[in-house]
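Everything numeric here is computed off the predicted structure, so don't read it as measured data. We use all heavy atoms of the structure for the numbers below, so side chains are in, but hydrogens, waters and symmetry mates are not. Naming: A, B, ... by sequence-line order, numbering from 1 per chain.
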2 protein chains.
Amino acid sequence: MIHLLLADDQVEYRKGLAELLAMEPDLTIVGQAENGQRAITLTGQHQPDVILMDVRMPLCNGVEATRIIHQRYPWIRILVLSTFDEDDYICQSLQFGALGYLLKSTPVPQLTDAIRVVSQGCSQLGPTIAPKVFSQLNPITETQRRAIENVLSEREREVIQLLGKGKNNKEIAQTLHLSQGTVRNHISRILSGLELRDRTQAALWAQKYL
Amino acid sequence: MIHLLLADDQVEYRKGLAELLAMEPDLTIVGQAENGQRAITLTGQHQPDVILMDVRMPLCNGVEATRIIHQRYPWIRILVLSTFDEDDYICQSLQFGALGYLLKSTPVPQLTDAIRVVSQGCSQLGPTIAPKVFSQLNPITETQRRAIENVLSEREREVIQLLGKGKNNKEIAQTLHLSQGTVRNHISRILSGLELRDRTQAALWAQKYL
DNA sequence: CTGCCGTCATGACATCTGTCACGATCTTTG
DNA sequence: CAAAGATCGTGACAGATGTCATGACGGCAG
């Protein structure tokens with residue numbers, strides 16, 4: 001039996017959804033919250049398995065509530081249900097610990113499936129959501145990996161990593177126990193090897209691909 | 001009825017999985033591929049709804065096959081089934097169009113559920129996979145957004161965007177039709193406003209949050 | 001052994017970068 | 001109108017950065 005908590009400020013929508021979900025034999029609704037603050041309180045009281053969380057709510061929005069609840073009760077699964085597929089909401093919710101993100105327009109059978117999936121610890125994202133999220137990932141492509149392995153030496157890789165963290169020559173030299181001159185030589189070779197112009201471009205390259 | 005294609009080089013595993021999946025009333029297996037090349041060919045011939053794709057395969061690995069198939073048939077849903085949860089595989093697969101990523105250790109009932117979910121266009125990621133993916137996202141937090149809107153002026157925002165692309169002062173000046181001196185003044189104010197030290201840190205900041 | 005390569009280092013030079021002081025517009029606000 | 005702020009510009013200075021030539025040391029393959 002999966003224990004559910006609903007968090008949504010639109011009363012009719014929430015009650016309607018509650019009725020529909022209660023018809024499923026393996027779902028029980030243990031609480032309903034009309035804002036983020038209440039959601040946090042009720043979560044502590046009822047310890048649900050899954051929370052259906054709206055984003056736009058008074059007092060404390062769904063994103064912030066997600067962050068707090070996930071920090072306090074990391075084992076509770078949060079499924080965000082939003083009217084909007086705004087990029088910021090999506091990314092923040094997921095980074096704050098939400099496991100799923102679906103639009104409110106999702107048909108109920110799909111929604112109940114999603115609840116079951118999420119309750120087992122799997123993530124589920126809606127059809128329009130998934131591409132947005134995945135396109136933001138930055139994997140190392142084979143070309144760039146070869147660039148790192150063939151063009152740069154061991155030392156140079158250490159240097160460019162520090163470069164990617166915004167360190168200047170002095171700091172790099174101290175970290176690696178080198179002279180500043182040596183660091184500058186290394187960077188010089190990195191730049192010509194990767195065909196970049198200056199340390200800023202190298203730093204951006206490092207942040208993107210390392 | 002969901003049409004399935006299995007791609008895996010381990011014969012016993014693939015045949016076993018095929019038998020188990022064939023027992024589901026709403027699943028049909030329309031083809032089995034022993035490597036990436038065959039997977040691409042068979043996809044063209046049988047036009048499955050969902051492909052279960054292994055990562056490590058001879059001739060053409062699952063990641064590359066995913067890329068090619070998704071480019072050619074964007075409507076076909078690909079669910080990656082891997083023994084490993086290596087970050088690179090995950091990120092690349094998802095960016096190349098895979099909708100799901102599960103470990104082979106996933107129990108069959110969960111797997112069939114995932115197939116149904118993915119066949120409807122939703123994404124599903126395994127419990128160990130999801131956190132890895134979501135932690136790589138870089139949403140703008142409210143703090144940083146306020147930093148941009150309150151601390152930086154319109155012009156300064158234009159400048160820092162170009163900075164984030166690795167431009168030097170000369171290029172920024174030309175792009176915005178300014179003198180180099182003015183650009184340097186703007187950058188100077190950006191650095192103090194965001195409490196950064198030099199253009200490299202500002203560029204990294206821009207790439208992360210803009 | 002000898003040459004090659006990576007590593008580390010130095011000095012010198014030109015250029016780029018960041019800061020400061022100062023002044024000029026122009027628009028907005030009281 | 002007057003004050004305030006954003007914008008643009010200049011000149012000057014110190015420091016950071018990129019490049020080059022040069023040399024030393026150690027390891028490794030032929």
Check: With sequence neighbours left out, what residues match Glu195(A) under side-chain contact (heavy atoms from CB on, under 4.5 Å)?
Finding: none
Next item on the list: With sequence neighbours left out, write down each residue that passes side-chain hydrogen bond (donor to acceptor under 3.5 Å, both in side chains) with Thr200(B), or none if nothing qualifies.
Entry: Thr200(A)
Checklist line | Ser179(B): partners by side-chain hydrogen bond (donor to acceptor under 3.5 Å, both in side chains), with sequence neighbours left out | finding: Thr182(B)
Note to self: Give the residues of residues 185-193 of chain A touching DNA chain D, defined as any heavy atom closer than 4.0 Å, sorted by residue number.
What the structure shows: Asn185(A), Ile187(A), Ser188(A), Leu191(A)
Next item on the list: Apply side-chain hydrogen bond (donor to acceptor under 3.5 Å, both in side chains) to Arg77(B) and list each qualifying residue two or more places apart in sequence or on a separate chain.
Entry: none
Next item on the list: Quickly work out the Lys167(A) NZ to dA16(D) C1' distance and round it to whole Å.
Entry: 17 Å
Notebook entry, point to check: Is any NZ, NE, NH1 or NH2 atom of the basic residue among Arg14(A) and Asp54(A) found under 4.0 Å from an Asp or Glu carboxylate oxygen of the other?
Noted result: no
Note to self: Nearest whole Å is fine: how far is dT19(D) P from Arg199(A) CZ?
What the structure shows: 11 Å
Tabulate below the donor-acceptor pairs under 3.5 Å that side-chain atoms of residues 186-194 of chain A make, not counting sequence neighbours, or state none.
residue   : atom : partner   : partner atom : Å
Arg189(A) : NH1  : Glu156(A) : OE2          : 2.6
Ser192(A) : OG   : Arg189(A) : O            : 3.1

Note to self: Taking Leu99(A)'s backbone N and O only, do any of them form a donor-acceptor pair with Ser123(A)'s side chain (distance below 3.5 Å, no angle check)?
What the structure shows: yes
Check: Which angle, rounded to 10°, do you find between the first-five-pair axis and the last-five-pair axis of the helix from dC1(C)-dG30(D) to dG30(C)-dC1(D)?
Finding: 40°
Next item on the list: Mind checking salt bridge (charged side-chain N to carboxylate O under 4.0 Å, His left out) for Lys165(A) and listing every partner two or more places apart, or none if nothing turns up?
Entry: none
Note to self: Expected output is a numbered-order residue list: members of residues 170-184 of chain A with a heavy atom under 4.0 Å from any atom of DNA chain D. What is it?
What the structure shows: Arg184(A)
Margin query: Distance check, rounded to the nearest 0.5 Å: Thr83(A) atom OG1 versus Lys104(A) atom NZ?
Written below: 4.0 Å
Margin query: Taking any atom closer than 4.0 angstrom to a non-hydrogen atom of chain B, what span of DNA chain C does the protein reach, first nucleotide to last?
Written below: dT17(C) to dC20(C)
Next item on the list: Could you name each residue pair satisfying salt bridge (charged side-chain N to carboxylate O under 4.0 Å, His left out) that touches residues 125-135 of chain A, not counting sequence neighbours?
Entry: Asp85(A)-Lys132(A), Asp87(A)-Lys132(A)
Notebook entry, point to check: Counting only N and O atoms by type, is there a donor-acceptor contact under 3.5 Å from the side chain of Glu171(B) to the main-chain atoms of Asn168(B)?
Noted result: yes
Note to self: Taking 4.0 Å as the cut-off, does a side-chain nitrogen or oxygen of Asn168(A) come that near to OP1 or OP2 on dA16(D)?
What the structure shows: no
Item checked: Arg197(B) backbone acceptor or donor facing Gln201(B) side chain under 3.5 Å -> yes
Notebook entry, point to check: By salt bridge (charged side-chain N to carboxylate O under 4.0 Å, His left out), which residues pair with Glu158(B), not counting sequence neighbours?
Noted result: Arg155(B)
